[in-house]
Enquirer: 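Structure provided below as structure tokens; questions to follow.
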Protein chains: 2
Amino acid sequence: MVWKTFGRENCSLEATASIIGDRQTLLVLRESFLRVRRFGEFQRNTGLARNILADRLQALVGNGILERREYQDRPQRFEYRLTQKGLDLYPILLGLMEWGAKYETGKEGTLVTLRHKACGAVGSPQLACPGCGEPVTASDMEALPGRGAVLKTA
Amino acid sequence: MVWKTFGRENCSLEATASIIGDRQTLLVLRESFLRVRRFGEFQRNTGLARNILADRLQALVGNGILERREYQDRPQRFEYRLTQKGLDLYPILLGLMEWGAKYETGKEGTLVTLRHKACGAVGSPQLACPGCGEPVTASDMEALPGRGAVLKTA
DNA sequence: AGAGTTGGTTTTGTTTTGCAACTCGTCTAT
DNA sequence: ATAGACGAGTTGCAAAACAAAACCAACTCT
């Protein structure tokens with residue numbers, strides 16, 4: 001039995017980064033969350049080259065983040081919609097937006113403001129401890145080795 | 001006075017994406033959060049080419065996310081540490097990790113497990129409504145146009 | 001004196017992007 | 001019926017980003 005200091009090659013962060021960790025893909029996702037669904041609209045709003053956009057959309061579909069569905073035949077047309085897996089990226093996108101608004105663009109950069117449908121409160125969701133519900137930041141949490149930190153037999 | 005549907009060119013998400021939204025930078029940040037500080041260690045753990053790593057470290061320092069400080073002279077040596085601005089990226093990195101663990105790598109990919117120092121609860125922080133404290137997801141929130149959605153006079 | 005460590009920079013290819021032009025099937029106006 | 005126009009891409013080429021390896025500098029250790 002061998003213990004490796006860290007199993008970085010199978011890191012979940014790296015896995016995610018290799019799927020959505022490039023500027024172009026993030027722009028596409030931003031549009032998706034803003035309910036954009038059509039190729040042309042994606043292209044106009046992101047300003048990406050059409051081939052790159054086509055490539056990214058296909059990759060996102062391949063990864064199960066977007067779903068390509070026909071919304072009319074006759075002129076056959078498709079739209080791209082977030083799947084549940086895609087919707088689960090929300091906290092990440094939100095985080096990026098928040099951080100950018102805080103440090104880079106200021107309030108002027110907040111494209112959308114969020115309101116909680118249930119209680120009506122306006123503002124961005126915060127990270128909270130799953131146990132006690134208190135708001136937390138990086139320094140409030142302690143990192144323990146996770147399961148990926150242990151290597152199987154050599 | 002002209003209203004533009006969306007002021008995407010000054011989007012805070014895009015700003016953030018252009019700073020940390022590439023695979024290499026994310027890998028560097030992962031290491032930073034794992035308390036890695038030296039060039040060589042970054043290089044070994046991320047597997048990045050040395051020139052690229054040097055470039056990214058410089059960029060992160062330039063953006064105020066990392067701080068380059070001398071930790072010894074005689075052989076003059078520097079280390080790279082997260083600033084407060086860098087620490088504030090925590091929710092994003094956490095989000096990436098979570099999502100990857102859920103959809104890509106499974107539990108095997110969780111390099112670290114987190115424990116709340118204050119209450120001892122183990123698990124990942126959740127997004128909660130700033131008003132009522134209830135856990136929220138994308139569909140619980142409603143998007144209203146933010147300040148960036150308004151264009152100045154044409 | 002020679003080998004090894006740390007922290008880079010330079011050089012040289014390879015891969016990825018971006019841009020523009022082009023295709024293809026269909027619709028629309030004349 | 002005929003000439004655009006549109007949506008959704010594909011193709012070809014130049015420019016930029018990336019990776020690999022060599023090189024350099026300042027020390028330390030033996």
Side-chain angles (χ1 to χ4, degrees), chain A residues 5 8-9 11 14 17-32 34-63 65-82, chain B residues 5 8-9 11 14-32 34-63 65-82:
Chain A
T5 50
R8 285 176 163 86
E9 54 308 306
C11 173
E14 182 163 6
S18 68
I19 296 173
I20 63 158
D22 66 312
R23 208 179 65 83
Q24 296 86 346
T25 301
L26 287 171
L27 291 178
V28 170
L29 287 172
R30 176 189 67 185
E31 296 305 316
S32 288
L34 291 172
R35 310 226 178 353
V36 162
R37 288 171 189 165
R38 316 256 254 256
F39 189 92
E41 235 180 322
F42 278 113
Q43 207 273 312
R44 264 190 307 283
N45 294 341
T46 60
L48 293 177
R50 309 171 69 85
N51 52 350
I52 303 293
L53 174 59
D55 182 79
R56 290 301 189 280
L57 286 172
Q58 234 186 300
L60 285 168
V61 170
N63 283 313
I65 292 169
L66 295 180
E67 185 188 7
R68 182 170 186 260
R69 73 158 66 149
E70 194 176 287
Y71 67 91
Q72 68 175 43
D73 56 340
R74 300 310 308 141
Q76 206 179 33
R77 293 280 179 273
F78 298 92
E79 62 179 11
Y80 298 87
R81 326 186 49 148
L82 288 164
Chain B
T5 50
R8 284 174 165 88
E9 55 308 306
C11 173
E14 183 162 6
T16 309
S18 68
I19 295 173
I20 63 157
D22 65 313
R23 208 180 65 85
Q24 295 84 351
T25 301
L26 286 171
L27 290 178
V28 170
L29 287 172
R30 175 190 67 185
E31 296 306 315
S32 287
L34 291 171
R35 311 227 179 350
V36 162
R37 287 169 190 166
R38 315 257 256 259
F39 189 91
E41 238 180 318
F42 278 112
Q43 207 272 310
R44 264 191 307 284
N45 295 340
T46 60
L48 294 177
R50 311 169 67 87
N51 53 349
I52 303 294
L53 174 58
D55 181 79
R56 290 302 190 280
L57 286 172
Q58 234 186 300
L60 285 167
V61 169
N63 283 313
I65 291 169
L66 294 180
E67 184 189 8
R68 182 170 186 259
R69 72 157 67 147
E70 194 176 287
Y71 66 92
Q72 69 176 40
D73 56 340
R74 301 310 307 142
Q76 206 180 32
R77 292 279 178 274
F78 298 92
E79 61 178 10
Y80 298 87
R81 326 186 49 147
L82 288 165

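Every chain is numbered from 1, with letters handed out A, B, ... down the list of sequences. Quick note: numbers below take in every heavy atom, side chains included, and nothing from hydrogens, waters or symmetry partners.
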Enquirer: Could you tell me how far apart I52(B) (CD1) and dT10(C) (C1') are, to the nearest whole angstrom?
Expert: 13 Å
Enquirer: Looking only at atom types and distance, does a side-chain atom of Q43(B) sit under 3.5 Å from a main-chain N or O of L48(B), one as donor and one as acceptor?
Expert: yes
Enquirer: Let me know, please, whether Q76(A) or G40(B) comes out on the 5' side of the other along DNA chain C by nearest nucleotide.
Expert: G40(B)
Enquirer: For the base of dA8(D), is there a side-chain donor-acceptor partner from R38(A) under 3.5 Å away?
Expert: no
Enquirer: How would you label the contact of R44(B) with the nucleic acid (heavy atoms, under 4.0 Å): base, sugar-phosphate, or nothing?
Expert: nothing
Enquirer: Do any side-chain nitrogens or oxygens of R23(A) fall under 4.0 Å of OP1 or OP2 in dT17(C)?
Expert: no
Enquirer: Could you work out which one of dG9(D), dT28(D), dG8(C) sits closest to the side chain of R68(A)?
Expert: dG9(D)
Enquirer: Whole angstroms only, please: what is the CZ-C1' distance between R50(B) and dA19(D)?
Expert: 13 Å
Enquirer: Assess whether one donor atom and one acceptor atom, taken from the side chain of R77(B) and the base of dG7(C), lie less than 3.5 Å apart.
Expert: no
Enquirer: Among dG9(D), dC27(D), dT9(C), which nucleotide sits nearest the side chain of P75(B)?
Expert: dC27(D)
Enquirer: Rounded to the nearest Å, what distance is computed from the CZ atom of residue R37(A) to the C1' atom of nucleotide dG7(D)?
Expert: 18 Å
Enquirer: Once you round it to whole Å, what is the distance between P of dG7(C) and CG of L48(B)?
Expert: 16 Å
Enquirer: Name the nucleic acid region contacted by Y71(A), choosing base, sugar-phosphate or nothing; use a 4.0 angstrom heavy-atom cut-off, strictly under.
Expert: sugar-phosphate
Enquirer: I need the N63(A) CG to T25(A) OG1 distance, nearest 0.5 Å.
Expert: 9.0 Å
Enquirer: Just to be sure I understand the rule, does N51(B) reach a base, reach only the sugar-phosphate, or reach nothing, if contact means heavy atoms closer than 4.0 Å?
Expert: base
Enquirer: With respect to the side chain of Y80(A), which nucleotide from dG9(D), dT28(D), dG8(C) is positioned closest?
Expert: dG9(D)
Enquirer: Roughly how far, to the nearest 0.5 Å, is the CZ atom of R37(B) from the CZ atom of F42(B)?
Expert: 9.5 Å
Enquirer: Q58(A) has an atom CD; how far is it from atom P of dT16(C), in whole Å?
Expert: 15 Å
Enquirer: Let me know the distance between CG of L53(B) and P of dG8(C), rounded to the nearest Å.
Expert: 9 Å
Enquirer: So what does Q24(B) hit on the nucleic acid, given a heavy-atom distance under 4.0 Å: a base, only sugar-phosphate, or nothing?
Expert: sugar-phosphate
Enquirer: Give me the one residue out of L60(A), V36(A), L57(A), V28(A) that meets side-chain contact (heavy atoms from CB on, under 4.5 Å) with Y80(A).
Expert: L57(A)
Enquirer: Could you check how far CZ of F39(A) sits from P of dT26(C), rounded to whole Å?
Expert: 19 Å
Enquirer: To the nearest 0.5 Å, what is the distance between CG (L29(B)) and CG (L82(B))?
Expert: 7.0 Å
Enquirer: Return the value, rounded to whole Å, for the distance between atom CD of E79(A) and atom P of dA8(D).
Expert: 10 Å
